[in-house]
Amino acid sequence: SGFLFPQQTATVRVGHLTGDLHHLALFVARNQGYFEQSGIKIELKEYANGPLLMQDFLAGELDFAYVGAPPAISARAKGMSDPNAHLPVVIASVNLEGSAIVVDGSIESPEDLSGKIIGTPGTGTIQDILLSMYIRDHNLTLTKSPMSISYLPIEFSKGTINGFIGWEPAPSIAVVQSGAHVLLTSKDLFENHQCCVLVVSNKFLASHQDLVSKFAAAHKLANNYIINNPAYAKQLAMNITGHSSQLIDLALSHIVYTSTPDPVSMKTFLHAMIDLNVVTTLTHEQVDDFINAFIDTRFI
Amino acid sequence: MKHADRAKSLLLGLFSLIVFLFLWQLLAVWMNSPFLPGPYSVLTAFFRISTAGDIDGYTLSSHAMTSIYRVLLGFLFAGMTAIPLGIFMGLKPSVNSVSSPIIEPIRFIPPIAWIPLAIILLGGITRYVFLIWIGAFFPILLNTIAGVKRTSAVLVDMAKTFGADSRTITFKIVFPSALPEVMSGLRVGLGVGWMCIVAAEMIGGDPVGLGRLIIKYANLYQMDVVILGMVTIGIIGLILNYAILSTERRLFKWRVEVRA
Amino acid sequence: MKHADRAKSLLLGLFSLIVFLFLWQLLAVWMNSPFLPGPYSVLTAFFRISTAGDIDGYTLSSHAMTSIYRVLLGFLFAGMTAIPLGIFMGLKPSVNSVSSPIIEPIRFIPPIAWIPLAIILLGGITRYVFLIWIGAFFPILLNTIAGVKRTSAVLVDMAKTFGADSRTITFKIVFPSALPEVMSGLRVGLGVGWMCIVAAEMIGGDPVGLGRLIIKYANLYQMDVVILGMVTIGIIGLILNYAILSTERRLFKWRVEVRA
Amino acid sequence: MGPEIVLESVGKTFKSGKDTIEVIRNLSLSVDDGKFLCVVGPSGCGKTTLLKLMCGLLQPSSGRVLVKGNPPDPKRNRFGVIFQEDSLLPWRNVLANVKFGLEITRNKTDIDDLAREFLSLVGLKGFEEYYPHQISGGMKKRVAIARAMAVDPEIILMDEPFADLDAQTRQILQKELLAVWSKFNKTVIFITHNVDEAVFLAQEIVVLTKRPATVKAVVKVNLEYPRARLSPPFISYREKILGYLHEEITAL
Amino acid sequence: MGPEIVLESVGKTFKSGKDTIEVIRNLSLSVDDGKFLCVVGPSGCGKTTLLKLMCGLLQPSSGRVLVKGNPPDPKRNRFGVIFQEDSLLPWRNVLANVKFGLEITRNKTDIDDLAREFLSLVGLKGFEEYYPHQISGGMKKRVAIARAMAVDPEIILMDEPFADLDAQTRQILQKELLAVWSKFNKTVIFITHNVDEAVFLAQEIVVLTKRPATVKAVVKVNLEYPRARLSPPFISYREKILGYLHEEITAL
Ligand SMILES: Nc1ncnc2c1ncn2[C@@H]1O[C@H](COP(=O)(O)OP(=O)(O)OP(=O)(O)O)[C@@H](O)[C@H]1O
Ligand SMILES: Nc1ncnc2c1ncn2[C@@H]1O[C@H](COP(=O)(O)OP(=O)(O)OP(=O)(O)O)[C@@H](O)[C@H]1O
Ligand SMILES: [Mg+2]
Ligand SMILES: [Mg+2]
């Protein structure tokens, strides 16, 4: 139909994180031409971490973003009082799970975590929250060492930390390059928890509902393609990260690609974030309303 | 310096560079870490990124050109603001008292610390310009003020006895006499501004720029490209510095100190 | 400066500070954004963080003390390496040719760009020390070299006519005569080293330090604490600078330039 | 013609910090049009301060300074001042330095020719393109003189112009100065601490006391130009002035 | 006693860039022990270079310089050099400056007393704690003289020491120098471009040609100390030296 009725092409700005395997759908959709077929031209913007990306998002520099749910939640919670802020609205899930705790030989079982130094990719990340919830539930005492995701495998290789929780491919790098073993995966910590989400700016959504709908459709198509063509997905993952086949296999085995968001786990996260003082502008009573407004299920 | 001396010092320099690279390679082999590449891997990365481009297809030269463009823009802006303000502050002590309580603490806030505010208040290229500006502004300002204050009182008196007005004195005595200091301020400012490029490009968004290259490949755990980026920044910084330095030398032949 | 003049300039300064804070508050009210707090919110944050501590329970003063400790350590190390090397390089041109091909490009690599390598090669406090050192080293080195080279040939000749050996000349003529430049190198070096604190603390690991405070709260989108951190860094930097400056003034009474 | 410059019981004090320095006290003097006047006095007595008062660079703390009946004003009166220190603009070559005064006082048309004319008058033809750091101290003084003369000044004020030159150069420049003066016949105020120089040049010598400076004596030198330095009357003028000065220096 | 300093057809050239400057050519000279020798010559002719050759700061390009039969060596011979430029250590006070030479040449015991003694000899008792920037040019020269004399030098070399002082101070220091010299009776080489000064001070005056410098004339001054500057024989010596110099300057 595109041939008979040439569509107007719209350019949208899409933020994502460098080398993050969770965002594979974005690259599949781009490489398969799903966006072009819907008349959307994408301009990719890359960031080193979620909070930086969300700061730019709030400032109106992005229309869509592939980002972890907690940075999006924090940013929305903080920006709600600002009429000028571009608030994120979830229109699809990007992936579930996708994190793992990897450790050195001194830790064989979760109980051994006590007294050890465990790296996290920073206060307020999903991984930090998962670890906090886990140690609270299992009465463990360990030292958290927050740092940038880029440094976790390096620190581990030097023995400065006994292990870390991170998103893929960081844990798999430690396994393949530094002899770490996987202690717990997302599945063990919080099965099917929401990880990354596809968000759109509330202002963009208000004015370009059709484009949002097309973008979501392309995204969904891509996620389905990953599920149905694992070999293709793996090759693409190798191309965009430069990692080995063995490493990508391990990393992809920890990620669940799905386009349907999971409000329940997001509520759990938000409660934890309020407890941790990461979110200060909401109370526990407001959580349900907040998450319901945060997720727009019309497009999936 | 004599011809023979220069040749000798060049040879010595080359020799020490080779020793340095050799030791580095040795360290890399000895540590045998996937995260510490030797100079050979960096060289390979240089050819790869220069021809095939990086993971997003941008070549090393396009990263470099983008960064240079951003830095020069910020630098230009810094010069345009700092020089007039510096002359003004150097001439009027009261302007100095008014502005220093605000300017002085700001001087010691590093450019990276401005990133969050830059994201909120600015967008697009203006952010880069702002962060480079923050770095380059103060060296230019302080040098300009110092240059203006060092203007010889005799020269000003001399001009006054001819009946010169304050405009003439500013443009024909104060400014030319402060110019060497202004230029060295510009040189230091360009150096500092250039070194802010990593901070400025840390925000992200655009996938191109040398700072971005470093951050991107640090996130991809490919240290060879990270070191390539560092070396490129170092060498371009050196070249920019040298360019201004030789302009200074040419411009200020009249300044006996510069020739010594 | 006369007493009355000083009082007047203090008053002017205070006045302009108040005007500045007022304009900032106005901008904050007008923009009405949770991301641009006014001075009042920053003040509130100051009291909150000073007494109750931050999200991890660390107070502002413990952040500041930790950062100061790290910077001073790195600064100390920079002084201990740069001053002897600078004297050596200033005296022997051949040392200069050997070292400059390695040192010169490194000069323009910003401290943040060293973070990945610092993580690979170093651990614990040595990383902070290294990153501060990288920042502080070059100003001290270059000033020391300049100071040594500016040593009056007459003074050296004078010492030689008394039969002084090169050790005596180095310690009794060259070093004291370079000392003012060395000190101003130390001052600039401390300033730059201090400004590297955010870069140094970006690595993370330890949850305390002013740079860490800024990064932590930027990630939490709480700009009042971010600005509080910036202002604290700016003011401490100013105080450190002033401390060395007044030492210089006291030490170099014999230097007529310093008094002017 | 009436007196060109009149000082009526002029006093000048400086404030530095909490101290007040009285440099000139109750000094009265009048200089006729076309006169060559030398001012001598112990070093640091206030000679430069006096010169700056005469050309309006400083204002008297008490008393009055009048040039042609009005307070001195470089925008109205035309002064040619040669400073004690080197006052060439180091970034301008010799020619451009001479043009500096003309740029301020004249419209642009004939500046270049005028400047070249005055340069050759002081014997610097061929040095137009040199920069100050490339010429000797004596040549610099000549450039300063050319610059001051080029604007056709009503009054020439010179502050120990030859102090840092060697004896030979100094004597040559003294002769040249007299030649220029007799050609244009301007009022010249010439400050020096060299008595020999004063007797060689001046029609009238004003001896100042030590600080605070006031007039100790005014000596008229009744000798024909050019004067022979070793002639008995020359030596006796010299001894007389030296005697006055000695009183002041031993009184220190 | 044989000659203290001997120069045998000394030549000295400097390389600067690609140029070679010949500063001294085939200069022979011998100075007896205890003599007061003055060296005069056109400015820039090579006087300072000559002095530096004599104390071993420079090596001759050709010929030989001998001090007591050996090449000069400050570690063995004891020189007292007063430089043309200000050579006080600005970070040391007056007393510590005088001690500087003693610290190198003597063991530490009596340094302080010696330094104070020589300071009072040059009339600076009471100024021990002053820093160089707090004292006048004339006082600085006195400190340099005290520093040089304190090490009990065999040979005193002075390079236009009074050039930048005013006439009064200069004359006072000249008298003091003669007093010190007659008291200790050292060999003195005194460089100046002031002929008056040379005739006032020297037993022997060496006149140098313009660059490349060589000896133009050696004039013995047979006058009793103290000398009267305006006495006819003084003036005739003066005229004679000036005559030699004039030949050199006009030959420039
Ligand atoms: N702007 C000023 N502020 C304070 N004191 C000053 C100022 N100008 C001059 N003086 C003081 O006034 C005195 C006389 O200075 P002036 O330069 O007039 O002397 P002078 O006779 O020209 O000396 P010289 O012979 O050294 O040239 C000096 O003691 C000087 O310190
Ligand atoms: N180290 C050097 N390198 C090159 N040229 C030099 C050097 N030292 C002196 N000269 C040159 O040698 C010449 C004589 O210098 P010198 O200082 O000996 O002269 P002088 O007679 O002492 O002069 P003045 O009367 O100015 O003191 C000058 O032309 C100078 O430029
Ligand atoms: Mg004066
Ligand atoms: Mg000399």
Take B/R107 and C/N241 through the test side-chain contact (heavy atoms from CB on, under 4.5 Å) and record every step on the way to the result. CA-CA 11 Å; B/R107 233 177 93 194; C/N241 191 60; 3.9 Å; yes
Search all heavy atoms of B/W194 against all heavy atoms of C/F108 and return the closest pair with its distance. CD1-O, 4.3 Å
Over all heavy atoms of both residues, which pair between C/S16 and B/S97 is shortest? Give the atoms and the distance, please. OG-O, 4.4 Å
Highest number of heavy-atom pairs under 4.5 Å with chain B among C/A218, C/S100, C/P93, C/P116 belongs to C/P116
Side chain from CB out, backbone as N, CA, C, O: work out which of these in B/S94 comes under 4.5 Å of a heavy atom of chain C, or both, or neither. both
Which heavy atom in C/I102 sits nearest to a heavy atom in B/F20, and how many Å separate them? CD1-CB, 3.5 Å
Residue C/I119 versus chain B: region with a heavy atom under 4.5 Å: neither
Spatial distance of atom CD (C/E104) from atom CD1 (B/I239) [nearest 0.5 Å]: 12.0 Å
On a heavy-atom basis, which atom in B/P101 and which in C/L17 lie closest, and how many Å separate them? O-CD1, 3.8 Å
C/V226 versus chain B, the contacting section by heavy-atom distance below 4.5 Å: side chain
Given C/I120, C/L210, C/T232, the one with more heavy-atom pairs under 4.5 angstrom with chain B than any other is C/I120
Please evaluate residues C/M230 and B/I106 with respect to the criterion side-chain contact (heavy atoms from CB on, under 4.5 Å), reporting the C-alpha separation (whole Å), side-chain torsions for both, the decisive distance (0.1 Å), and the verdict. CA-CA 9 Å; C/M230 291 169 64; B/I106 291 182; over 6 Å; no
Check the pair C/L36 / B/L117 against side-chain contact (heavy atoms from CB on, under 4.5 Å), numbers first and verdict last. CA-CA 8 Å; C/L36 187 75; B/L117 271 185; 3.9 Å; yes
Using side-chain contact (heavy atoms from CB on, under 4.5 Å), reason through B/M195 and C/I112 one step at a time and then give a plain yes or no. CA-CA 9 Å; B/M195 289 175 65; C/I112 333 173; over 6 Å; no
So, for B/I109 and C/G234, which heavy atoms are closest and what is the spacing to 0.1 Å? CG1-CA, 3.8 Å
Cut-off 4.5 Å, heavy atoms of chain B, and the answer for C/I227 is side chain
Nearest atoms (heavy-atom pairs only) where C/A113 meets B/I214: CB-CD1, 4.0 Å
Looking only at C/F35, C/Y221, C/Y217, most heavy-atom pairs under 4.5 Å shared with chain B are made by C/F35
